[in-house]
Amino acid sequence: MNRYKINKINDFKWEIVKDDGLGMRVPGIIFADEQLLKHAVDENTIDQVINVASLSGILKASYAMPDIHYGYGFPIGGVAAMDKDSGVISPGGVGFDISCGVRILRTNLGIDDIGDKLENIMYKMSLSIPKGVGSKGKIKLSASQISQLFTGGVNWAIRNGYGWDEDKYFMEENGCMEGANPDFVSKRAVDRGCEQVGTLGSGNHFIEIQRVDEIYDEKAAGVLGLKKDQITIMIHSGSRGLGHQICSDYLKVMQQASLKYGIKLVDRQLACAPISSPEGRRYYQAMVCAVNYAMVNRHCLAHWVRLALEEIFKKSAKKLGLELIYDVSHNVAKMEAHNINGTTKEICVHRKGATRAYGPYHKDIPTAYREIGQPVIIPGDMGRYSYMLLGTKEAMTESFGSTCHGAGRLLSRTKAKKNIRGSELKKELFDKKGIVVMAGSMSGLAEEAPQAYKDVSRVVDITQSAGISKKVAKLCPLGVLKG
Amino acid sequence: MYIWDMNNINKRFEQIEHLSDIGIKIYGNSLKQLFESAAEGMFSIMCDLKKINPAVKRNVSIEEHGRMGLEELLVLWLENLLYKFEVDNMLFSRFKIKKFLTEDSRNIIEADIFGEKVDFGKHEIVVAVKAPTYHMLEVRKDRNSRGWAGKVIFDV
């Protein structure tokens, strides 16, 4: 017997009824079908949605996207918008990998251009992409250089010869989020971050060579420059040790701040402080440094990818049409303007394993895409597919302009490792699907096996049915590079 | 899971299930040993401890003023080790806490930690731990052994 009550709003939207006895200030809203909802109930993830609903200043609801799964503190797939004056900001609502995110590049290559080059491409990429675990990156930054990166974001990278100037127009915040203050980033965080720019990291981070498998919206795909059988490159990484350390540093600050401001916590990982408090402001400004670092990290990874492909195809990246389609974070807290009871207010939206999905004509969408809505990149798993979606008008009213971020885990890492052998998986993916996988660790690969994830198509179909995003294209992996 | 006998403790640590991430249960005769077990448990998530030669010594020194619970101190200890892992590019397999002091306003850990530089030819790094979390974090007297036990969930 659950301690909470669930109401069905429609086939894809469920309400956890606000219960004062559970400390809920707002209801919970879960976008899911019956099966995914049952999964969330069985895994006790609903308890985490309820815990978030107890945070001060939370507006409308504690939201969960269809890829919701059990996290620590916040659920993965959680969205919480906080009133700027009465609300709190929580490092746990962003996560350790601040601004972990995805970017996708188009190419003017088709599947036929890849031919028998795939293994060579993957080999070349595995040599030229620093993984970061046990190896440092190609860029070494001094304390003053990293400060310039924190405040300049991708502009810093472009000034220093990494990537193209036009890339920044196809990134959230144009590649540089405002409000960074390097003074609030610890020396330890800087030490961890100064040699990791342009490194992939481990776990679920990857670089994939993909093929456009299916187009759902020809017009939008045309605007994004996508067509069937075209080759695309997807990159998934975050703010590396720098972001992890900033989160760790501020979780400690927030443990004390929660006591200081009399905030009762049901889970210490939810430690937080009022947005307007000195602790809250310091965290936000340090977090922005990590957001800019993460965008630069993906930008530099894309730069190494361009160089590797130039070498393989003996053509410039410009001639290969290796242009950035979009870059988007899925672990972040942002000050955004949203309509609250008929008035536009600036609020703080936490997205923990959720993607911003602004609808058409929003001013923060690149001009080229403004009519279709913000591109949303949803990585799936290494054996099946990933998706390109668009934000919708409904997402603005239904979920503070947010949607899912991925497939969501089905098996724990321990279970996946027990059931799957990495070397067999690698062979099977190649023999059955022709997918070339390069990975540093076979056990690590087993943890990321397709079977360990939910079917992402189910997740994106629910976001479309719930109205919070719209499918444009399905992308299938050809080559996968894991950290 | 990685189990062996040492100092009358049957298990120093064991990995536990967590859907998104990885956790460990830890055991020790003393708090000092509990913290050492946690360090071993954390590095065992990243790499087979048997493959890490404890040949090179590094020092970890933590001094925190102000009130701090044992659990927060455990997180801080593990964070310090992760920092060494990333910045020194080293894996560690042996941990010797020389000084362990927790008072109302002073918390001190001084330790020698032993390991070696990461070598891809030798070390298969399964996954890098991003951080220890406060979620389900626990340090308590163990009812059965009269020693200490605890639990940590890591973000990986």
Side-chain angles (χ1 to χ4, degrees), chain A residues 43 45 48 69-73 75-76 92 95-97 131-136 188 191-192 194-196 201-204 238 240-241 243-245 247-249 251-252 255-256 259 265 267-271 353 408-415 417 440-448 483, chain B residues 1 14-24 44-48 52 64 66-69 71-73 75-76 78-80 82-91 115-138 152-156:
Chain A
E43 293 286 347
T45 316
Q48 296 189 324
H69 58 283
Y70 195 77
Y72 35 86
I76 316 290
F96 286 96
D97 200 352
K131 319 291 184 302
V133 180
S135 66
K136 308 285 181 175
R188 290 199 151 221
D191 287 347
R192 286 176 75 172
C194 63
E195 291 190 40
Q196 290 187 339
S202 68
N204 60 3
R240 314 285 292 108
H244 311 161
Q245 188 67 48
C247 182
S248 291
D249 290 342
L251 274 169
K252 201 170 124 203
Q255 302 292 325
Q256 299 300 320
L259 290 173
L265 297 172
D267 181 335
R268 272 190 291 170
Q269 193 67 28
L270 291 172
R409 285 196 84 91
L410 190 61
L411 296 181
S412 71
R413 291 172 185 276
T414 326
K415 264 194 193 133
K417 252 190 309 197
S441 159
M442 286 301 121
S443 303
L445 187 67
E447 292 182 5
E448 293 299 317
Chain B
M1 200 187 290
E14 56 188 317
Q15 283 189 17
I16 51 173
E17 294 266 329
H18 182 275
L19 185 58
S20 328
D21 294 294
I22 295 180
I24 49 169
S44 79
I45 292 169
M46 299 200 263
C47 184
D48 184 347
I52 306 168
E64 277 284 315
R67 263 186 66 197
M68 187 176 228
E71 288 154 353
E72 280 100 333
L73 191 59
V75 165
L76 192 62
L78 296 171
E79 278 171 15
N80 269 267
L82 278 179
Y83 174 80
K84 287 273 180 201
F85 158 64
E86 281 194 12
V87 173
D88 292 353
N89 197 24
M90 281 180 73
L91 288 160
E116 63 178 329
K117 286 272 179 197
V118 177
D119 171 0
F120 281 123
K122 183 178 171 189
H123 303 126
E124 180 184 357
I125 298 182
V126 177
V127 69
V129 168
K130 288 177 184 165
T133 76
Y134 290 87
H135 177 61
M136 290 164 64
L137 179 65
E138 204 177 279
V152 191
I153 307 289
F154 295 96
D155 188 0
V156 294

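Naming: A, B, ... by sequence-line order, numbering from 1 per chain. All figures in this text were calculated on a predicted structure; none of them were measured in a lab.
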**Q** Report which part of B:Leu76 has an atom under 4.5 Å of a heavy atom belonging to chain A: side chain, backbone, both, or neither.
**A** side chain

**Q** Quick one: closest heavy-atom pair of A:Ser202 and B:Ala128, and the distance?
**A** OG-N, 2.8 Å

**Q** A:Gln255 versus chain B, heavy atoms under 4.5 Å apart: side chain, backbone, both or neither?
**A** side chain

**Q** Can you name the closest pair of heavy atoms from A:Gln269 and B:His135 and give their distance?
**A** OE1-N, 3.6 Å

**Q** Please check: side-chain N/O of B:His18 versus main-chain N/O of A:Thr414, any donor-acceptor pairing under 3.5 Å?
**A** no

**Q** Where the side chain of B:Glu124 meets the backbone of A:Ser443, is there a donor-acceptor pair that is under 3.5 Å apart?
**A** yes

**Q** Do you know which of A:Ala271, A:Gly71, A:Ala446, A:Gly483 has the most heavy-atom pairs under 4.5 Å to chain B?
**A** A:Gly71

**Q** Any idea which of B:Val127, B:Thr133, B:Leu82 has the most non-hydrogen atom pairs under 4.5 angstrom with chain A?
**A** B:Thr133

**Q** Determine the sole option in B:Glu71, B:Glu79, B:Glu64 for which the salt bridge (Lys or Arg N to Asp or Glu O under 4.0 Å) test with A:Lys252 is passed.
**A** B:Glu64

**Q** Side chains of A:Ser412 and B:Glu17 only: does a donor on one sit below 3.5 Å from an acceptor on the other?
**A** yes

**Q** Given a strict heavy-atom distance threshold of 4.5 Å, which part of A:Leu270 is in contact with chain B: side chain, backbone, both, or neither?
**A** neither

**Q** Decide yes or no on side-chain contact (heavy atoms from CB on, under 4.5 Å) for A:Arg268 and B:Glu72, but give the supporting numbers first.
**A** CA-CA 10 Å; A:Arg268 272 190 291 170; B:Glu72 280 100 333; 3.6 Å; yes

**Q** If you round to the nearest 0.5 Å, how far is CZ of A:Arg413 from CD1 of B:Ile45?
**A** 10.5 Å

**Q** Locate the shortest heavy-atom distance separating A:Asp267 from B:Tyr134; write the atom from each residue and the value.
**A** OD1-O, 4.4 Å

**Q** With chain B, which of A:Gly408, A:Gly203, A:Gly95, A:Gly241 has the greatest number of heavy-atom pairs at distances under 4.5 Å?
**A** A:Gly241

**Q** Highest number of heavy-atom pairs under 4.5 Å with chain A: which of B:Lys130, B:Lys117, B:His123, B:Met46?
**A** B:Lys130

**Q** Within a reach of under 6.0 Å around NZ of A:Lys415, are more than 12 heavy atoms found that belong to other residues, nucleotides or ligands?
**A** no

**Q** Any side-chain heavy atom of B:Val87 within less than 4.5 Å of one from A:Arg188?
**A** no

**Q** Do B:Glu86 and A:Gln245 have a side chain donor and acceptor closer than 3.5 Å?
**A** no

**Q** Do A:Lys417 and B:Val126 touch side chain to side chain, with heavy atoms closer than 4.5 Å?
**A** yes

**Q** Please name the pair of heavy atoms, one in B:Pro132 and one in A:Phe96, separated by the smallest distance, quoted to 0.1 Å.
**A** O-CZ, 3.6 Å

**Q** So what's closer than 4.5 Å to chain B heavy atoms on A:Leu410: side chain, backbone, both or neither?
**A** backbone

